[in-house]
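Throughout, a chain's letter reflects where its sequence line sits, starting with A, and its residues are numbered from 1.
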There are 2 protein chains.
Amino acid sequence: MLNTVLKAGQVLDLFDKQNPEWGVSDVATELNIPKSSAHSLLASLAQIGLLRHGEGGRYRLGWKMLNFGQIVIDTTEFRVESRAVMEQLAAQYRETIHLAVLDDGVVVYADKLQGQQAVQVAVTGLGVRLSPHCSAVGKVLLSHQPWPWVREIMEKQGMPKFTDNTITDVDRFQEELLQVREQGFAYDLEEAVPDLCCVAAPIYDYDSEVVAALSMSIPAYRFERAKKEYRAAVIRACQKISRNLGYMEFISSYRKKAAGG
Amino acid sequence: MLNTVLKAGQVLDLFDKQNPEWGVSDVATELNIPKSSAHSLLASLAQIGLLRHGEGGRYRLGWKMLNFGQIVIDTTEFRVESRAVMEQLAAQYRETIHLAVLDDGVVVYADKLQGQQAVQVAVTGLGVRLSPHCSAVGKVLLSHQPWPWVREIMEKQGMPKFTDNTITDVDRFQEELLQVREQGFAYDLEEAVPDLCCVAAPIYDYDSEVVAALSMSIPAYRFERAKKEYRAAVIRACQKISRNLGYMEFISSYRKKAAGG
DNA sequence: CAGTTTGTTCAGCTATTCTGAACACTCATC
DNA sequence: GATGAGTGTTCAGAATAGCTGAACAAACTG
């Protein structure tokens, strides 16, 4: 480990929303290092663009940080980040895993792993579009959308009845979504296909936005026996992926508060 | 200057949208340094969160970059002050608005509003760096810098020709900047991208320094019809922001005289 | 205008980083 | 499976880069 880089990291970490500007002396006293050391650190960081020193000799985070931040956003895809975790899940439970996103009101499968053969990169079935009211991923994704919009979608697309368990009433669906959002996961209890159950959870990105949902599909008889374990596994997987996408729970709770709910 | 920090900067600069992932060997050959040196640099940068190394030992930019980028956004006064005015402009004209600053001789987008959806908090495209000789914001920002410095920058960066209208001659560019400074706004008449025109004006702070430039981008055919109106709108917006930042015109004119030009 | 603060420079001493070879590991290919 | 070329990682000694504290310049404050 390069000591100099580590110290540079400490310096950078001083800059936050509350204290966006630091002088040489401030840094020196804060980190308990000589003024001259603080100076060379700050000056060097400014030279490589991570800091800038504007008027008055005080230092601020540089514009290059914006650049790098943007590159992070533009080059990390949730599909790539999800893949490894999905493979782990598939290997452990040997059940089918789905990764889904919302596109114009319908659920689209962005990735899929069949449980039978351990690491089968199945392109089959990808991009399939289905109505969201009868799938676990659909519920998860819709539960994070504004209800009026969801209602409109439902009314436009209709809520066809596929099994006896399919939710076909809009008000009942709203209740379901509220609960899903609250508890952080959704079930599909034979609502789309008889004898097939699913459990899904949301995947958050760096901005605490739900960008996708991940689900595991299990035959009903097997699902009933270990519902809780499957649920926990899916939730854990989603948390892992979310973390890989830069999601941090404490930020999320902060933002929720700031947004007023 | 700390050599280690400078090298760390070189390493970081390798990461861009085209090459978001680097291995130890890649970095070593690219920078002509031993593998072990590359390794310790990468490992240290990962330790402080500026990089992360995922599966396969390859390195990517870390999530802390996003953090820092966000802090830059949230703590830059003129950005905060600009936001409301930009949203007004975007709502009224439904065209794309850019807020840009100068960083080490290149134009950096500090904020961006797409005209289509009224209040789209777009982080997309932020931090993009581009050469200033072919953009309206670039001309505005450079027109308030000392010419010898500008000339040096131009010679160092070159003035690549993107369209038939791109200014590629240094002397011609000096004339253009003088005019821009005199008249208080700049056009980009399809000089960077065909069929795309821009008009930009400067934003002054309390100290009568140009801290940023704001531009509106409009398709050429539409721009030609109402050039003057767009221009007036942008100038008005910039005056509004400048006033919010404590800028007062009469002080400015006084200072210009005192500075002898 | 003096006093106190700031950021910046410098040169010797010390410890840090650099280096290249050896190691562990993954992935194709034979 | 064994093999080879490709990774990333570790380590010790050699050499250089960074730490330091005092002295400097420059800005602000009374």
Side-chain angles (χ1 to χ4, degrees), chain A residues 1-15 19-62 80 83-85 87-88 91 117-121 244, chain B residues 1-12 14-15 19-62 205-209 246 251 255 258-259:
Chain A
M1 291 300 130
L2 303 185
N3 219 313
T4 311
V5 174
L6 264 55
K7 292 210 170 175
Q10 286 180 35
V11 171
L12 288 177
D13 283 338
L14 293 176
F15 293 79
N19 312 78
E21 233 182 59
W22 289 79
V24 172
S25 307
D26 303 330
V27 172
T29 56
E30 184 68 28
L31 296 182
N32 268 15
I33 55 174
K35 263 203 316 184
S36 50
S37 304
H39 171 71
S40 56
L41 280 167
L42 287 166
S44 303
L45 284 168
Q47 175 119 347
I48 64 174
L50 258 38
L51 296 179
R52 67 184 205 265
H53 75 242
E55 325 306 323
R58 300 181 71 74
Y59 291 81
R60 286 177 155 270
L61 291 173
V80 178
R83 174 50 64 108
V85 178
E87 282 172 0
Q88 278 177 29
Q117 287 94 338
V119 192
Q120 171 183 334
V121 185
N244 288 349
Chain B
M1 291 302 129
L2 303 185
N3 219 312
T4 311
V5 175
L6 263 55
K7 291 209 170 174
Q10 286 180 34
V11 172
L12 288 177
L14 293 177
F15 293 80
N19 313 77
E21 235 183 58
W22 289 80
V24 172
S25 306
D26 303 330
V27 172
T29 56
E30 184 68 27
L31 296 182
N32 268 14
I33 56 176
K35 263 204 312 185
S36 50
S37 305
H39 171 71
S40 55
L41 281 168
L42 287 166
S44 303
L45 284 169
Q47 175 121 347
I48 65 174
L50 258 38
L51 295 179
R52 67 185 206 268
H53 75 246
E55 326 302 326
R58 301 181 72 73
Y59 290 80
R60 288 177 153 269
L61 290 173
D205 70 357
Y206 66 97
D207 206 24
S208 302
E209 293 287 328
I251 290 184
R255 296 214 177 179

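One P atom belongs to C:dG20, the other to C:dA24, and the distance between them is 22 Å to the nearest Å.
For the pair B:Trp22 CH2 and D:dG8 P, the interatomic distance rounds to 12 Å; values are reported in whole Å. Rounding to whole angstrom units, CG of residue B:Asn3 and C1' of D:dG18 are separated by 10 Å. A:Asn32 places its CG atom 15 Å from the P atom of D:dC19, with the value rounded to the nearest Å. Atom NE2 in A:His39 sits about 15 Å away from atom C1' in D:dA23, given to the nearest Å. If you measure from atom OH of B:Tyr59 to atom P of D:dT7, you get 14 Å, rounded to the nearest angstrom. Here D:dT9 presents its P atom at 14 Å from CD1 of B:Ile33, a figure rounded to the nearest Å. Note: CG (B:Leu2) to P (D:dT16) measures 18 Å, nearest angstrom.
Looking at every heavy atom in both residues, A:Val27 comes nearest to A:Ile33 through O-CG1, 4.5 Å. Closest heavy-atom contact between B:Leu6 and A:Gln47: CD1-CG, 4.3 Å.
Across all strands, A:Ser25 comes closer than 4.0 Å only to sugar-phosphate atoms, never to a base (heavy-atom distances). Note on A:Thr4: only backbone sugar-phosphate atoms sit closer than 4.0 angstrom, heavy atoms only; bases stay farther off.
Ranked by how close their nearest DNA chain D nucleotide is to the 5' end, B:Asp26 and B:Ser40 are led by B:Asp26. When each of B:Pro34 and A:Lys35 is assigned the nucleotide of DNA chain C with its nearest heavy atom, A:Lys35 is the one assigned upstream, toward the 5' end.
Here the side chain of A:Arg52 pairs no donor or acceptor atom with the backbone of A:Tyr59 at under 3.5 angstrom. A:Trp22 contributes a side-chain N or O that, together with a main-chain N or O of A:Leu14, makes up a donor-acceptor pair within less than 3.5 Å. The main-chain N or O of B:Leu2 is found under 3.5 Å from a side-chain atom of A:Ser44 such that the two form a donor-acceptor pair.
First and last contacts of DNA chain C with chain A, using any nucleotide atom under 4.0 Å from a protein heavy atom and ordered 5' to 3', fall at C:dT6 to C:dC18.
For the pair A:Ser37 and D:dT20, the criterion of a side-chain N or O lying under 4.0 Å from OP1 or OP2 is met.
Stem regions annotated for DNA chain C: C:3-5 with D:26-28, C:7-23 with D:8-24, C:25-30 with D:1-6, counting only runs of 3 or more consecutive pairs of Watson-Crick or G-U type with both contacts under 3.5 Å.
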